[in-house]
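Keep in mind that what you see is a predicted model, and the values were worked out from it rather than measured. So that the names make sense, note that chain A is the first sequence line, chain B the second, and so on, each numbered from 1.
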Amino acid sequence: MAKKTVREAINETLAQEMRRDPRVIVLGEDVAGGKGGTSDTEEAAGGVFGLTAGLYKEFGGRRVIDTPITESAIIGAAGGAALAGMRPVAELMFIDFIGVCLDQIMNQIAKFRYMFGGKATTPVTIRTMIGAGMGAGPQHSGALYPMLTMVPGLKVVVPSNAYDAKGLLATAIRDDDPVIFCEHKALYTEACEVPDEDYTIPFGQANITREGEHVTLVAFSRMVLFANQVADRLAREGISVEVIDPRTTSPLDEDAIFDSVDKTGRLVVVDESNPMCSMASEVASLVACEAFECLRAPIAKVTAPHTPVPAHPELEKEYVPSVAKIESAVRRVLLDSDVKAAATG
Amino acid sequence: MAKKTVREAINETLAQEMRRDPRVIVLGEDVAGGKGGTSDTEEAAGGVFGLTAGLYKEFGGRRVIDTPITESAIIGAAGGAALAGMRPVAELMFIDFIGVCLDQIMNQIAKFRYMFGGKATTPVTIRTMIGAGMGAGPQHSGALYPMLTMVPGLKVVVPSNAYDAKGLLATAIRDDDPVIFCEHKALYTEACEVPDEDYTIPFGQANITREGEHVTLVAFSRMVLFANQVADRLAREGISVEVIDPRTTSPLDEDAIFDSVDKTGRLVVVDESNPMCSMASEVASLVACEAFECLRAPIAKVTAPHTPVPAHPELEKEYVPSVAKIESAVRRVLLDSDVKAAATG
Amino acid sequence: MSLTREQLLDGYRRMRAQREFDERMRREFEAGTVPGFIHLYCGQEAIAAAACMHLRDTDYIGSTHRGHGHCIAKGCDIGEMLLEIYCKQGGLCNGKGGSMHIADMNKGMLGANAIVGAAPPIAVGAALAAWSQGTDGVALAFIGDGASNQGTVFEALNLASVLKLPMIFMYENNGYAEFTGAKYHVGGGDIAARAGAFGMPAPKVDGTDFFAVHDAMAAAVARARSGQGPSAIEAVASRWYGHFQGDPQAYRSREELDEVRRSGDPLKKFRERVLAESWLEDSDMDAIDQELRELIDEKVAVAKAAPNPDTEALYTDVYLEY
Amino acid sequence: MSLTREQLLDGYRRMRAQREFDERMRREFEAGTVPGFIHLYCGQEAIAAAACMHLRDTDYIGSTHRGHGHCIAKGCDIGEMLLEIYCKQGGLCNGKGGSMHIADMNKGMLGANAIVGAAPPIAVGAALAAWSQGTDGVALAFIGDGASNQGTVFEALNLASVLKLPMIFMYENNGYAEFTGAKYHVGGGDIAARAGAFGMPAPKVDGTDFFAVHDAMAAAVARARSGQGPSAIEAVASRWYGHFQGDPQAYRSREELDEVRRSGDPLKKFRERVLAESWLEDSDMDAIDQELRELIDEKVAVAKAAPNPDTEALYTDVYLEY
Ligand SMILES: Cc1ncc(C[n+]2csc(CCOP(=O)(O)OP(=O)(O)O)c2C)c(N)n1
Ligand SMILES: Cc1ncc(C[n+]2csc(CCOP(=O)(O)OP(=O)(O)O)c2C)c(N)n1
Ligand SMILES: [Mg+2]
Ligand SMILES: [Mg+2]
């Protein structure tokens, strides 16, 4: 099997899904990128980061649609086209831009099915970039998926590797509910083995990337890479860390988390989002409410601080939860439970 | 001292703050309400629910500014005017409309101070209505404060009574950071004793509305009323419930919550928001991380379900956390801890 | 005048149904039988009727909070609409949407919408679907004078213009956005000119004149169906009642309201014209009036008596599968 | 020509400083010394220079992601700008904003902005502050051709028009929004007409002609300061380089780029004109060139050598008090 980057996996999936179903269309700013230019190609770019490269050439301008800078109209049009029978894949270049189109996401697309009494279907996929680490500054670096996870009617996908990105994107495009597909920009060049043929990965099914006994580490998107590193490092000391990658935040595979905590008795959650009302808080609270009896130690959350993302590369590095911070949280939780075990035992 | 409704308290505070500081201006849709009409008054309405009544007459059209339907421009202009030295109070009629202006709130106003290196000050207050219970349907009934609580740079206020509304609004308007002031529409007609003179209530300082020993009940906005009812009802059975009204979700008075849980060992959090990444999750996770040793029972969250707000009045009633649901959560937590106590004791 | 007798009767019926419906809703609301709050379309009926006569079930419209008339004109079932306004089981949205969210995909009705300015991008999406698939379908968005100020509406205009979509923007200038007059809130004072700036035809017509709207719409639809791109129409017609039912309208003078009642009735104007031209007779229209009165009487009674949705309904239909 | 020698020299200096700055940034970026990514303003310098010459420190501008030129023209300190672009302590934003967020309240610079279309409402707010307080202050927003499609920009136009605010909308049509041409993305093809639809004057000028921009701006500022309301100007000037530095620009033909270099240099045009008219001499301008080259050499060296902010800085300045 060939190694492919996340970027390649996504690009390939878009092409395969468009071939598979003529109702799939792609729209967004510069998704062809070259319309209205003076060179002889109308697809000069294929998206700012090349994610949609080749699609315009293969599928033409009525299925690969360059738009003006007009996020509300992009998302709104995707919603309307979906109600009218298409399966649009809209690109919201950076998730930070939800500020100019959230209404169409939150009050329209997400609610159509419910507020129309179950009689409307809105198979929209919104692809968007998340995350810090590229020096893109305070308005282009957010990991805002909690803001959309909280919205009823949306499904939210946060793939952590190329294999998952391909299978989850296919699922997203074939799903009849609206899906937010969050691509971490720092993962685009990460590669792993990815089959050429298409396949799907169900939503709401976590991936256990490391099996372990002593502590459960739930991590999202890019944080899964860091969590795996922590698990590998601690394994050398005989500390056995179970890493759970939920893959989707909504639906969330609660059972996988409960099962793991049932075994380990300890939980650390890693989330690149700001701390308040984060996925870290969500997962921690779920366990504190539903699996309290299993807990042998305080839960630990490792998140970005309650600050915007600074432009300075060093500050930005400090902003993102690091391997070191995750490791120390894991050690703290183990220590705490020793203390507790000692106290009660 | 006279009894005043929340509506009266807010209206009075706006007038007092405008008298106190000429830099305070009010802008929004229909805040005068009558501009461009044919009757001889330009202030025919004073806001859709009368919250700004009388202001136009007293302060004139350069301080009480009717705008077109243009939320991005309302909030953006408030931000720009603040940078230029004013202290704008912008009205976002329903919090559900953040979908069309979130960028100005989240990426601009909230971030100016940070991304300009601490050299800009943005004393904007955004007044907005939250909550279900009025049959206003899926797009006018959200309790979306968690979505703004998660945004660094914003302060978020959720008053539960007229006295607090007055003191907290004065604090908001005098605060040099941007503040989201969330008025629950079902509270407008609730009255209590409110002094005529102006006063402030500091942010980040919870109000303990009922003192108790057995269980801590943290509730926000309208839910405080329900929580108080539960406490009063259970008191008759000898169950002593401590009710905490944090009054602001950001900053959050964590210490008040920790102190209470330290005493009671049990926590129930009530939040009218949707469950995922809610304030209920936030508070529950904080306690599970920072005050785990105090806990003698699983935490319970009582929230709205993961659904939009339905139009049907009976379904809407079922949507909102009820006194009965809160009461049963409290009983469950007490029972659970008995069980646990029995098991370990 | 190129309208057949059938078309004239159809147009009249669509208008009368709207009038009868919202006048009845007004009385019911005052009597306290209607949940939530409602926004009446009285005075604007000719716009929806004349516009929707040109549309097929496979064409789409996007509507507003003041959507009853649009729904009726687009062919939504009146009984199911009433069930919805009463939030009952079997309503077009099974009681979860209410007055401000009535939708019917089978009739190409993309939903009333409680967010001002939200429908135009959605309707543009329906036009984009037709354009992408190469059908001759069209889409139309109703836009209030107040909504004409919302950024989303301009974005919809521009996207439709850039892609040359089969789209019609129907501005309904009824003089007010809630309590604020269009004279104040429309910068520059000319709504149609806003659409014109995107290079599309944008005539302004008397929205109480069924025939004027009908003609303007004929041109816009022809243009759209033949792939020539979007159009806009500004139809001017005063709102008879308050913003929502119960609004005391202190911002409007007695004289203005009298004048509206005197000169702003599209049904009266229609009747006068068709009689004067001898296209129809009083009895033709009286029969329709009678029939619709009975229909709505009956359907209101049914709606009031219908069962509420189960409590379980709160939790269903959030997703198709989760 | 009503410009004094001092004004001409001032205008030239503002343009040359921008050019020198961004050409240097381009070389530094290619050499890998600059963090993040940068958007160069080369080719558009006359717009910022001629516009900002009419403004005082107490007047405000709102800028874009392509903001270096705007900052310089509005009087931001070049050394502090460089410190910011290098994300250093002492930079205008203490290293937290970077190239896309440079701001300086003391100079009336409300910030470069990485959200397309976000600055116009903010600048309108500054105009509203002046209007509310009855000063003769004005505000200006720079708006790209791409940004002219964003809903927020239309809302800003309308609000300024409704309130008759002392506001100037400076469209900078540089032909592209990222990789997509204005010929494609501007529905109707006429950016100025969009502002015109709100009833404000909206002349279109050659943005590489300092004098043309200067004149249009004089009229707009006079109108604003005297309480007559907003204006817009569409200034057309090609972008010399890629959208961001490093963009290979496959969407532009060789011929187009050659033509831009040949005819699209505002500094060259300015020099030719002032020499032809004998208003200035080569030596006047050469001296400025030399001086600015040395200044920027020096300030770049300082910026590179300056200390990083402490890690602690990550956590400060979120609030004034929390
Ligand atoms: C985004 C948004 N802002 C404000 C409102 C509140 N609101 C509801 S209807 C309305 C006035 C709409 O005026 P117009 O578009 O002229 O429609 P009309 O009511 O006259 O039919 C307003 C301000 C809303 N629902 N959505
Ligand atoms: C809301 C938003 N959408 C998209 C982008 C991505 N983006 C950054 S610059 C740009 C093009 C802007 O074009 P224009 O306004 O013409 O300015 P120019 O780059 O030509 O100066 C785009 C699409 C953004 N930053 N913000
Ligand atoms: Mg209106
Ligand atoms: Mg441009």
query: What part of S72(A) lies closer than 4.5 angstrom to a heavy atom of chain D: side chain, backbone, both or neither?
result: neither
field: chain D contact via E71(A) - which portion, at a heavy-atom distance below 4.5 Å
entry: both
task: Look at G146(D), P35(D), G98(D) and state which one has the largest set of heavy-atom pairs under 4.5 Å with chain A.
output: G146(D)
query: CE of M81(D) to OG of S99(D): how many Å apart, nearest 0.5 Å?
result: 8.0 Å
message: Quick check on the interface: out of T41(A), D40(A), V48(A), who has the most heavy-atom pairs with chain D under 4.5 Å?
response: V48(A)
- prompt: To the nearest 0.5 Å, how far apart are CE in M25(D) and CD1 in I38(D)?
  reply: 6.5 Å
- prompt: So with a 6.0 Å cut-off around NZ of K304(D), is the heavy-atom count from everything else above 12?
  reply: yes
- prompt: Who wins among K183(D), H185(D), Q249(D), H101(D) for the most heavy-atom pairs under 4.5 Å with chain A?
  reply: H101(D)
- request: Examine whether an atom of A147(D) lies under 4.5 Å from a heavy atom of chain A, and if so say whether it belongs to the side chain, the backbone or both; otherwise answer neither.
  value: backbone
- request: Answer with yes or no whether the side chains of R194(D) and N149(D) bring together a donor and an acceptor at under 3.5 Å.
  value: yes
- line: Closest non-hydrogen contact found for V153(D) with Y171(D) is CG1-OH, 4.2 Å
Options A250(D), C93(D), G97(D), ranked by heavy-atom pairs under 4.5 Å with chain A, top entry: A250(D)
- prompt: Are the aromatic ring centres of Y251(D) and Y176(D) under 6.0 angstrom apart?
  reply: yes
- request: Look at the side chain of N274(A) and the backbone N and O of P305(A), then say whether any donor-acceptor pair between them is shorter than 3.5 Å.
  value: yes
field: Option that, when pairs with chain A are counted at under 4.5 Å, heavy atom only, ranks first among T311(D), L257(D), V116(D), D317(D)
entry: T311(D)
message: Less than 4.5 Å to any heavy atom of chain A: does that hold for the side chain of N113(D), its backbone, both, or neither?
response: both
task: Tell me, for Y319(A) versus chain D, whether the close heavy atoms (under 4.5 Å) come from the side chain, the backbone, both or neither.
output: both
query: In this structure, are over 12 heavy atoms from other groups packed under 6.0 Å from K317(A) atom NZ?
result: no
Toward chain D, the part of P313(A) with a non-hydrogen atom under 4.5 Å: side chain
task: Mind ranking F179(D), F244(D), F37(D), Y315(D) by heavy-atom pairs under 4.5 Å with chain A and telling me who comes out on top?
output: F179(D)
